[in-house]
Structure formats: structure tokens, C-alpha cells
J.: 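I'd like to ask you about the structure that follows.
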2 protein chains.
Amino acid sequence: MASTSNTSSPEEQTHDAITAEEITGEEPPNSPQTSTDPSSQKRPNAFTELMSSSKKPKPTAAFTSQSPGALQKAKDASKGWDPRNGLALYIEKPETNPEGRVVEYDDDYVVINDKYPKASVHLLLIPRKPEYYTQHPLQLLSTATAFRAEVCNRVARLKVLAASELRRQYGHLSVSDTPYQEALEVLMSSTDDPPPPKERAALLPPGRDWLSDIVAGVHTHPSMNHLHIHVFSREMQSPWMKHKKHYLSFNTTFLVRLEEFPLDEGSERFHPGKWPNWDMKCWRCGKNFKNKFAALKVHLEEEFEQWKKE
Amino acid sequence: MASTSNTSSPEEQTHDAITAEEITGEEPPNSPQTSTDPSSQKRPNAFTELMSSSKKPKPTAAFTSQSPGALQKAKDASKGWDPRNGLALYIEKPETNPEGRVVEYDDDYVVINDKYPKASVHLLLIPRKPEYYTQHPLQLLSTATAFRAEVCNRVARLKVLAASELRRQYGHLSVSDTPYQEALEVLMSSTDDPPPPKERAALLPPGRDWLSDIVAGVHTHPSMNHLHIHVFSREMQSPWMKHKKHYLSFNTTFLVRLEEFPLDEGSERFHPGKWPNWDMKCWRCGKNFKNKFAALKVHLEEEFEQWKKE
DNA sequence: TATTCCGATAGTGAC
DNA sequence: GTCACTATCGGAATGAG
């Protein structure tokens with residue numbers, strides 16, 4: 001079955017949203033015992049199921065660039081390797097599914113799982129055309145109407161995908177999702193040929209609104225050179241959520257949400273000033289942790305335990 | 001022989017200047033392989049030899065204070081234990097030779113090896129009378145003429161003692177000390193009854209001027225509550241020399257040398273301002289290390305190697 | 001400016 | 001605002017019975 005295979009042939013434009021360590025052996029910096037249910041790791045995830053449906057973007061002919069090795073050598077020779085260009089790999093050769101992180105791609109966009117996710121779900125939508133990915137995200141999203149519309153369309157679908165992944169990870173612990181979970185159990189076990197994921201929604205009660213905890217937006221001053229849109233869950237539970245700036249960059253106005261565009265031409269949002277010095281406040285209860293990141297981390301785990309059970 | 005014994009009976013007012021770990025098992029925070037010659041650890045040191053001579057201060061009758069336990073409990077009850085009062089122990093019961101650190105004492109003063117020495121030799125001269133030890137060192141040394149004179153007399157002798165200890169530790173590596181070292185070798189091996197330390201100086205060539213690298217002074221804002229005068233060697237080689245403020249406090253005008261007293265009444269020396277932000281400069285070559293303590297430490301070891309060979 | 005522990009802050013280098 | 005490493009800087013508690 002396609003949903004459990006892990007092919008990376010050029011003919012396939014979608015990939016299982018597998019974790020990095022399954023391919024590369026890379027591991028999170030800290031043991032993530034408290035962040036995820038180990039039993040959920042073995043099930044097919046939401047990316048797998050939704051992306052194998054019929055609504056996915058269509059692939060094109062094989063991408064005809066130089067070999068990655070040649071490109072890499074050229075960059076190294078000219079100015080040395082620059083970690084801020086790390087996203088180029090996915091733009092140039094998505095069909096090779098680098099590091100097993102590609103969720104889907106077509107001629108114009110690639111979607112990946114963030115290499116250092118700051119939440120349980122953390123996707124990046126990356127335009128593949130230089131006319132887009134070389135631009136500053138606030139500028140481009142405020143002025144290029146067609147680009148913005150296309151991004152909004154794709155993000156709308158990715159948010160549903162991300163919400164579905166949240167349900168896969170935590171649905172069994174959620175009180176408000178119980179109607180959905182129980183109906184799903186019945187639906188999947190009542191026949192030898194259960195309906196595909198896309199047809200299930202119409203057959204099931206709504207359950208919890210996971211979509212309300214998915215956010216999409218861009219950083220005012222991205223560190224990575226290629227324009228990218230973050231789609232992530234709000235709970236901020238990840239072993240890669242390690243620094244104050246990590247938290248602030250996703251939980252302050254330093255993040256411009258997609259629905260805030262277009263910005264006014266002279267908007268102050270373009271110049272957040274000393275944002276790394278801003279206080280850290282809990283995304284859920286609003287408690288101010290000032291600059292105490294370690295205390296915030298402890299608190300976020302407590303909020304996470306409550307949030308899952310909602 | 002007294003010079004190699006380690007008695008702490010009330011009748012004795014001097015003690016071998018043994019290292020702390022010989023008594024308490026305490027060890028330096030980092031392995032001190034590079035700071036001292038292991039072979040020198042087994043020989044009697046300069047404190048032992050000089051303090052067993054006839055010029056030492058005379059002891060008095062047993063010190064009649066409350067028991068240390070009673071004093072300790074009183075402090076604990078009133079305001080809790082305070083590490084800034086750590087020197088009280090030596091003032092109150094020097095005859096018990098606490099932690100093996102007492103070099104000498106009498107009714108009025110006690111001399112100890114600093115518990116956390118910042119150099120190869122680091123003594124503290126501590127007055128035992130509350131009328132002195134409760135005062136601010138800059139104020140008292142600038143105004144109490146008799147006290148200052150007494151301190152200067154004692155420090156003059158302690159500097160000779162410290163210089164002798166430097167010679168014991170590093171003399172065998174010193175080019176300019178060769179005449180002394182060779183003559184000493186001859187003197188000590190030519191007879192079965194070598195002269196006592198105090199008589200040797202007249203029989204030997206001067207050799208290296210170790211005294212020129214011994215400094216005495218007080219901190220402008222001491223952390224320890226009981227007034228104390230530092231007598232130390234300049235090379236700053238010690239596993240307890242670990243922080244910028246350690247270095248600055250012994251190598252800037254934050255240290256007021258004994259010969260600088262009395263200070264003028266309105267002297268700026270009383271208010272060094274933001275001294276912990278001052279640059280660190282090598283005591284020997286003057287090189288400015290700004291705030292790079294780790295780099296300074298490496299450099300100090302290099303200077304140390306050269307300095308020993310002078 | 002006592003130490004020690006922990007953590008926040010800052011600079012660098014990286015393919 | 002990429003990470004990872006080192007080191008600097010900053011506050012709080014501190015022993016012993």
C-alpha cells in the first residue's frame with residue numbers, strides 16, 4: 001500500500017511524512033519521551049493519508065538542473081558553503097526526497113517537514129521559482145496579489161493536512177474528539193474495505209476543531225535565504241524548541257500570519273526592532289515568563305498535557 | 001623535628017603550611033598538573049622553615065571565647081548562615097588550626113593560607129580584634145596610623161616568607177637563582193648539621209630577587225566581612241583563578257597596595273565604579289585581553305613558563 | 001568583590 | 001531570525017546536625 005511505502009522515485013510527487021531519523025539516523029537533541037506517544041509512531045500519518053488522495057498538485061517532467069554535486073561545488077568554490085541556503089536542496093531536487101523530508105511538490109512549490117520542527121507539526125511551503133524565493137516575504141506577500149492568492153490556497157489545504165496530523169498524534173487523548181474517534185473506529189472495523197481518507201469526513205461527526213490550533217505565517221527577518229511559509233501547531237512541543245528566539249519568532253508579531261497580508265506599505269511590522277528582548281508569554285494562558293526560557297519550557301509541557309485532553 | 005610535624009595544640013602558634021587536601025581531602029577544581037612541580041610537594045615549605053625560627057610573634061594564653069558551636073547557632077538563628085563570615089573561624093579558634101590553613105597567630109593577628117588561592121603563594125593577614133576586623137580596609141588603613149604601622153611590619157615579614165616559598169617551589173628552574181641554589185646545595189650537603197634557615201641567608205649569595213614578585217594589599221570592596229590583607233605572588237597560576245573578577249581584583253587599582261596608604265580622604269580609589277567591566281591586561285607584558293578570560297588563562301601559563309626560568 | 005550551580009546571553013564557525 | 005559549540009555574564013543559594 002502506498003501509504004506505508006517510502007519510495008523516492010521521480011515519478012512520485014508525494015512522500016510519506018516520515019521522521020528524519022528513519023532515513024538519516026539523525027535524532028532529536030533531547031530524548032522526547034514526554035512530547036509524543038511512542039505507540040503513534042508506527043501508524044501511517046496524516047501526510048501519508050491525505051497526500052495519497054486525488055486532490056494533490058500534479059507533477060511535471062523531471063526537473064532539469066545541474067546535479068546537486070555540481071551546484072554544491074560551485075557554491076563552495078565561490079563563497080564557501082552557507083547554511084542559510086539550506087533550503088535550496090529541496091527546491092532543486094525534490095524528486096530525490098532529500099533527507100526524507102519532502103511531503104509534496106510540483107513545478108512551483110515544495111512542501112517539507114521542517115528539519116528542526118518547533119512543534120508537533122511544522123511544515124514549510126517553499127516556492128521553487130527564483131522570482132519568488134529570492135524576495136523578502138513581507139514585501140512579496142504584501143504586493144504580489146496572485147502569488148499571495150496561490151499561497152493562501154495551498155496553505156488552506158496544508159492547514160487541513162496539519163490538523164489531520166494533530167488528530168493522528170493526539171486524537172485518542174482528546175475528550176472533545178471522542179465522537180469522531182469512536183465513529184472512526186466503527187467505520188474502519190465494520191468492513192474489509194474501509195473508505196479512503198478523503199471520503200471519511202462526510203461519514204463521520206466533526207469532533208474536535210484541530211484546525212484552530214494550526215497557524216501559518218512568515219518570519220519578519222528569516223534566517224534561511226529562500227522564502228518559506230511556516231505551517232505549524234501552536235503547542236510548541238519539540239526538542240528543537242531550545243532558545244528564547246525560537247519561541248518568540250513563532251509567538252509574537254515577529255511572525256506575520258498569512259491572514260494579516262497585505263501589510264500597509266509603511267507598516268511598522270517591517271521593523272520589529274529589538275524583538276529578541278521581548279518577554280516570552282505562554283501561547284495558551286498568557287502568563288509572562290520574561291526572559292526565563294527554562295521556566296517557560298516546564299510550563300509549556302504542563303499546558304501541553306491539558307491541551308491534549310481538551 | 002618541628003618543621004615536619006603537624007601539631008595543632010594550643011601551645012603552638014605556628015603550623016606547617018600544608019595544603020588543604022592533606023587535611024580535608026579537598027581538591028583543586030581542575031587538575032593542576034601545569035601549575036606546580038609534584039616533586040616539590042614532599043619537601044618542607046618556606047612557611048614551615050621560617051615560622052619555626054625565633055622571630056615569630058609570641059603566643060598568649062588560650063583564647064577565651066564562646067564555643068564555636070554556640071556562636072554558629074547564634075548566627076544561624078539571627079539571620080541564617082552567611083558564607084561572607086567564613087574568616088571568623090580562623091579568628092576565633094586559630095589554635096585548632098582549622099582546615100590546616102593557619103600559618104601563625106598571636107593575640108592580635110592570624111595568618112592563613114587562602115582557602116581559594118589565586119596564585120602559587122596567597123596568604124591572608126587577619127586582625128583578630130573586632131575594633132579592626134569590622135572596619136572597611138581602605139578607611140582603617142588610611143586613618144589608623146598605629147594599625148597601619150603594625151600591619152606593614154607584619155606584612156614585610158610575610159613577604160619574605162612568601163618569597164622564600166616561591167624559591168622553594170620554582171628556584172630549581174630559575175637561571176638567576178642558580179648561584180643561590182648551587183651554594184645551598186653545597187651548604188646543606190657539606191655537613192651533618194646544616195645551619196637553620198635564618199642563618200643561611202648570611203652564608204649564601206643573594207640569587208634571584210623573589211621578593212619583587214610578591215604583592216600585598218586589600219580589595220576596595222571585599223566580599224569577606226572580616227578585614228584581611230592579601231599577600232600573594234604575581235604570576236596568578238592557580239586552579240582557583242577562574243573568573244574575570246578574580247583576575248581584575250588582584251591586577252587593577254581595585255587592589256590597593258599597602259604602600260599606597262594612607263589614601264587622601266576624598267580619593268577616587270574608594271569608588272572604583274564598574275571595575276568588573278574593565279579590560280584584563282597581562283601582569284607581565286601588559287597585553288590587553290579585553291574580556292577574554294580563557295585566552296588570558298592560556299597566555300598566563302605561557303608567561304609563567306618564562307617567568308619561572310628568569 | 002567568598003564559591004557553586006544553573007541558566008541567559010553573546011560570538012563564532014559550519015559542508 | 002539556521003544549528004552547535006564555547007565562553008561570558010547574571011542571579012540565587014550556600015553548612016551542618
Side-chain angles (χ1 to χ4, degrees), chain A residues 26 29 68-69 71-73 75-77 79-89 114-116 118 124 136-138 218-226 228 230 240 242-250 252 254-256 272 274-278 280 289-298, chain B residues 26 29 68-69 72-73 75-76 80-89 114-118 124 136-138 218-226 228 230 240 242-250 252 254-256 272-278 280 289-297:
Chain A
E26 194 171 337
L71 282 170
Q72 196 61 43
K73 277 171 190 163
K75 283 175 204 160
D76 290 351
K79 58 168 185 171
W81 179 79
D82 189 344
R84 290 186 170 80
N85 292 331
L87 296 179
L89 177 62
D114 194 292
K115 187 170 186 174
Y116 305 99
K118 305 304 188 292
L124 300 183
H136 188 282
L138 269 58
V218 295
H219 285 151
T220 301
H221 296 304
S223 282
M224 301 303 271
N225 288 335
H226 299 78
H228 52 282
H230 296 271
W240 287 283
K242 294 194 287 192
H243 304 299
K244 182 182 189 181
K245 284 195 283 191
H246 289 161
Y247 188 78
L248 291 177
S249 69
F250 289 102
T252 65
F254 181 84
L255 181 92
V256 185
K274 299 188 173 191
W275 68 271
N277 293 337
W278 293 350
M280 290 175 283
F289 286 82
K290 303 292 182 71
N291 65 339
K292 305 301 182 187
F293 181 83
L296 171 67
K297 280 288 280 187
V298 171
Chain B
E26 195 173 336
Q72 196 61 42
K73 275 171 190 163
K75 283 175 204 159
D76 291 353
W81 177 78
D82 189 344
R84 291 186 173 80
N85 291 330
L87 296 180
L89 177 61
D114 194 292
K115 187 170 186 175
Y116 305 99
K118 305 305 188 293
L124 301 184
H136 187 284
L138 269 57
V218 295
H219 286 150
T220 302
H221 296 305
S223 282
M224 300 303 269
N225 288 335
H226 299 78
H228 53 282
H230 296 271
W240 286 283
K242 295 196 286 192
H243 304 299
K244 182 181 189 182
K245 284 192 286 191
H246 288 160
Y247 188 79
L248 291 176
S249 71
F250 289 102
T252 65
F254 181 83
L255 180 92
V256 185
K274 300 187 174 192
W275 68 272
N277 293 338
W278 293 350
M280 289 174 284
F289 287 81
K290 304 291 182 71
N291 66 337
K292 306 301 182 186
F293 181 83
L296 170 67
K297 279 287 282 189

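All values below were derived from every heavy atom in this structure, side-chain atoms included, with hydrogens, water molecules and symmetry-related copies excluded. In the text below, chain A, chain B and the rest are named by the order of the sequence lines, each starting its count at 1.
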J.: If you find the nucleotide of DNA chain D closest to P83(B) and the one closest to K244(B), which residue's nucleotide is nearer the 5' end?
T.: K244(B)
J.: Report the distance from atom NZ of K242(B) to atom C1' of dC9(D), rounded to the nearest whole Å.
T.: 16 Å
J.: Roughly, in whole Å, what's the span from NE2 in H228(A) to C1' in dT2(D)?
T.: 9 Å
J.: Within less than 4.0 Å of OP1 or OP2 of dA8(C), is there a side-chain N or O belonging to K290(A)?
T.: no
J.: Among dT2(D), dT14(D), dG7(C), which nucleotide has an atom closest to any side-chain atom of A294(A)?
T.: dG7(C)
J.: In whole angstroms, how far is the C1' atom of dT3(C) from the CG atom of L87(B)?
T.: 13 Å
J.: What integer number of Å spans the C1' atoms of dG17(D) and dT4(C)?
T.: 22 Å
J.: Could you give the CZ-to-P distance, from R84(B) to dT3(C), as a whole number of Å?
T.: 11 Å
J.: Considering only heavy atoms from C-beta outward, does the side chain of L87(B) approach that of N225(B) to under 4.5 Å?
T.: no
J.: The side chain of Y116(A) lies closest to which of these nucleotides: dC9(D), dT3(C), dC3(D)?
T.: dC3(D)
J.: Between dA14(C), dC9(D), dA4(D), which nucleotide has the shortest distance from any of its atoms to the side chain of N291(B)?
T.: dC9(D)
J.: Describe the nucleic acid contact of P222(A) in one word from base, sugar-phosphate, nothing, applying a heavy-atom distance below 4.0 Å.
T.: sugar-phosphate
J.: For the backbone of H226(A) and the side chain of H228(A), can you confirm whether one donor and one acceptor N or O come within less than 3.5 Å of each other?
T.: yes
J.: Does the structure show a Watson-Crick or G-U wobble partner for dA4(D), both distances under 3.5 Å? Name it, or say none.
T.: dT12(C)
J.: Check for a donor-acceptor pair, side chain of H136(A) on one end and backbone N or O of T220(A) on the other, with a separation under 3.5 Å.
T.: yes
J.: Provide, to the nearest angstrom, the distance between the CH2 atom belonging to W278(B) and the P atom belonging to dC9(D).
T.: 16 Å
J.: Provide, to the nearest angstrom, the distance between the CH2 atom belonging to W240(B) and the C1' atom belonging to dT4(C).
T.: 14 Å
J.: Any base atoms under 4.0 Å from H221(A), or only sugar-phosphate, or nothing? Heavy atoms, all strands.
T.: base
J.: Side chain of W81(A): nearest nucleotide among dA14(C), dC9(D), dT14(D)?
T.: dA14(C)
J.: What nucleotide, of dA8(C), dT3(C), dT9(C), holds the atom closest to the side chain of H246(B)?
T.: dT3(C)
J.: Verify the contact: side-chain N or O of K118(A) to OP1 or OP2 of dC3(D), cut-off strictly under 4.0 Å; return yes or no.
T.: yes
J.: Is there side-chain contact between V218(B) and L138(B), with at least one heavy-atom pair below 4.5 Å?
T.: yes
J.: Let me know the distance between CE of M224(A) and P of dC3(D), rounded to the nearest Å.
T.: 9 Å
J.: Taking the side chain from K244(B) and the backbone from P276(B), do they hold a donor-acceptor pair closer than 3.5 Å?
T.: yes
J.: Return the orientation label for the H230(A) and H219(A) ring planes: parallel under 30°, perpendicular over 60°, tilted otherwise.
T.: tilted
J.: If only side-chain N and O atoms of K292(A) are considered, is one of them under 4.0 Å from the OP1 or OP2 phosphate oxygen of dG11(D)?
T.: no
J.: Take the protein atom CE of M280(A) and the nucleotide atom P of dT9(C), then report the distance between them rounded to whole Å.
T.: 7 Å
J.: OP1 or OP2 of dC9(D) sitting under 4.0 Å from any side-chain N/O of H243(B)?
T.: no
